[in-house]
2 protein chains.
Amino acid sequence: MDQAGERREPTMRDVAALAKVSTKTVSRVINDLPGAGAEVVERVRAAARTLGYRPNLTASSLRRSDKRSATIGVLFEDLSNPFDSALLRAVEDRARHSGVLVLAGSSEDDQSLQRELLVSLSARRVDGVVVMAAGGHQDALQQERERGTPMVLVDRPPTFGSTDCVTTTNRESSREAVLQLASLGHRDIAFLGDRRTLWTSQERYTGYLEGLAQAGLTLREELVRTDLHGADLAETAATELLDLASPPTALFTAQNLVTVGAMRVLRARDLHHHTALIGFDDFPLADMLEPAVTVVRQDVPGLGRKAAELIFARIGGDTSPPVHAVVPASLVRRGSGEISPART
Amino acid sequence: MDQAGERREPTMRDVAALAKVSTKTVSRVINDLPGAGAEVVERVRAAARTLGYRPNLTASSLRRSDKRSATIGVLFEDLSNPFDSALLRAVEDRARHSGVLVLAGSSEDDQSLQRELLVSLSARRVDGVVVMAAGGHQDALQQERERGTPMVLVDRPPTFGSTDCVTTTNRESSREAVLQLASLGHRDIAFLGDRRTLWTSQERYTGYLEGLAQAGLTLREELVRTDLHGADLAETAATELLDLASPPTALFTAQNLVTVGAMRVLRARDLHHHTALIGFDDFPLADMLEPAVTVVRQDVPGLGRKAAELIFARIGGDTSPPVHAVVPASLVRRGSGEISPART
DNA sequence: TTGAAAGCGCTAACAA
DNA sequence: TTGTTAGCGCTTTCAA
């Protein structure tokens, strides 16, 4: 008895044999190249259909002179994070228009994992990569870039030259947030930030300092808490801040989960209508909380589109000097950032 | 002047030449295969390093007898959706352990787009696919499956046999939610659901009906609203329901965005502490709202892990009969579902 | 332990 | 318009 499942996958040769033409002709038909008679085209198409022929892009890109795989790599920190997945989606949409597929991976902000994934992508000969660089040195990225792989960094800039990047207005928007709080009369504005090794954290902190300076306020070192990786650490920090003899009347939380942690504490102490709060990064339902949360909103689809645009330009052969594109974020006033300090 | 960028990518041949061995020996070293003298291994490694050689998986998988690409495809509805991206992440984690990369795409619940993406994956000879089937017929999926491509459906079952799938307890958990509301004395429980073409919507509606029946309640047709695709439509529907002469005292919202839309309306009418609400699908900050929202929570990482486990088993050669795995969801009581009806 | 020859499925370069 | 030959970078097969 024949086992039906054991049929060999049909190739161009099989199609050619059935259509009584050469493989080259089949190739022309499959790829819609000119120089094939209308009648022959039909015969080849019919043969392909009969056999259930599927083109093999792997074999094709191996032989083709441009060596394109029609695939790009995306290496973000955590694909389940809303920011990362929104970016991925934006890149994917652009890729689809070029018939390009996306190989996606999460590097968990781990250098060696990022290096491994990069090697994996490299072995598959992706046409380019969009990367959220893991903290620390970027040797692996630089090395891959110098091999000639088109590369765009998002969210964080390269520590080496020669590659494009797309970031948001971390510093300027943070400054704006602090100025907003200061304009309401707040003089004791706390800063709660994520890991200091992150470029974005540093930028947001610098913006905070600039805001204070511009508003003529003095920095109170004890109101600055950093390395708050996760909502739990943020809760602890917020608790300590509010326990100070002279607690802050406003909080600037420089990251998503930090904002959530701080909110929990304010709520637990029933201070959420008395202590002002502005967070960096928008989040779902921020408008449904009480009070609704004022945030700095990044233009995530905009970041993704720009990154995609750049990588495809480079893949297309653009050799102009590297670009650092900055996509503006905006302050979304919802209430929590518009609370004035209690009169003294 | 030489253009440094014009160097040809080194191949195994180049490495072989430099190490003064055959390409076969290089192949053995690169793939850590036995049968290579310790001394030769070192010479080859050194040569590879000197030249900056990168193995070409594309060429390798073309020639190799198993034809594996060490790549799987993931085709979900929308990768920027938290449910989808959490699933992707779970699959990716499992894939990484096998040195497999993930080609990811969003089909937007569009059949023809799904078909196109499937063809793209197929052309790249992925070793298997994990798919969230788009609504309507599944001809393309079935066809691909019947070619022999290992396939696991998630969230929604296949309309054809012969393939694995992983879903959640849509019906049972919906029944449980309705029974919870009924046990508090609610007799007028509304159902607000997503598109009726979705299998999950149908299942959740069936669970709703079962819950009513089991509680001895009569179905009031006017309390059932379906095809609410997006928060806006849900808002409209909720408004209409609350405008009824005899409005519902409890809402069962069978999808994420529907829950959000309903909440907005309850809040706008200041009914959020008086009308009970249970939603299907958890969402971030559901516990920070007032009242905190009671939901049916799917075990998303569990779904993803199970799907990954199945696809890798099939890729590994498992030919046992197709499985329909069901991952239990759980009712998370937070407050909004524990509101009793006003006394009459 | 090592290598020579053939060929995976396809396209480039040329010729007819 | 169509076909022939060679070869992409690698692994298989088989021989040394």
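Since the model is a prediction, treat every value here as computed from it, not as a measurement. Below, chains carry the letters A, B, ... as their sequence lines are ordered, and counting in each starts from 1.
In this structure, of dC10(C), dT4(D), dG7(C), it is dT4(D) that holds the atom nearest to the side chain of Lys24(A). Each of dT12(D), dT11(C), dT2(C) was ranked by its minimum atom distance to the side chain of Arg64(B); first place goes to dT12(D). Which of dT11(D), dG3(C), dC8(D) sits closest to the side chain of Leu62(A) comes down to dC8(D). The side chain of Met12(B) lies closest to dC10(D), out of dC8(D), dC10(D), dG9(C).
For Glu39(A) and dT1(D), the CD to P distance is 13 Å, given to the nearest whole Å. If you measure from atom CG of Asp66(A) to atom C1' of dC8(D), you get 12 Å, rounded to the nearest angstrom. In this structure, CD1 of Ile30(B) is placed 12 Å from C1' of dG9(D), rounded to the nearest angstrom. Summarising the geometry, the separation between OH on Tyr53(A) and C1' on dG9(C) is reported as 7 Å, rounded to the nearest angstrom. What separates CZ of Arg63(A) from P of dG7(C) is a distance of 17 Å, to the nearest Å. One interatomic measurement links the two molecules: CG of Leu57(B) to P of dT11(D), which rounds to 9 Å at whole-angstrom precision. Distance, Arg68(B) CZ to dC8(C) C1': 17 Å, rounded to whole Å. Going from atom NZ of Lys20(A) over to atom C1' of dT2(D) covers 16 Å, rounded to whole Å.
Between Arg156(A) and Asp109(A) there is a salt bridge, with a side-chain nitrogen of the basic residue lying less than 4.0 Å from a carboxylate oxygen of the acidic one. Taking 4.0 Å as the cut-off between side-chain N and carboxylate O, Glu92(B) and Arg96(B) count as a salt-bridged pair. A salt bridge is absent between Asp14(A) and Arg54(A); no separation between the charged side-chain nitrogens and carboxylate oxygens falls under 4.0 Å. With respect to Glu108(A) and Arg89(B), a salt bridge is recorded, a charged nitrogen being found less than 4.0 Å from a carboxylate O.
For the pair Arg145(B) and Phe160(B), the cation-pi criterion (under 6.0 Å, within 45° of the ring axis) is not fulfilled.
Here Ser22(B) reaches the OP1 or OP2 of dG3(C): one of its side-chain N or O atoms lies under 4.0 Å away. Not one side-chain nitrogen or oxygen of Asn56(A) sits closer than 4.0 Å to the OP1 or OP2 atom of dC8(C). Phosphate contact (OP1/OP2 of dT2(D), side-chain N/O of Thr25(A), threshold under 4.0 Å): absent. Distances shown here put every side-chain N or O of Thr23(A) at or beyond 4.0 Å from the OP1 or OP2 atom of dC10(C).
Contacts of Gly35(A) with the nucleic acid, taken as non-hydrogen atoms under 4.0 Å apart, include base atoms. Contacts of Arg28(B) with the nucleic acid, taken as non-hydrogen atoms under 4.0 Å apart, include base atoms.
DNA chain C is contacted by both Lys67(B) and Pro34(B); Pro34(B) maps to the nucleotide lying nearer its 5′ end (nearest heavy atom per residue).
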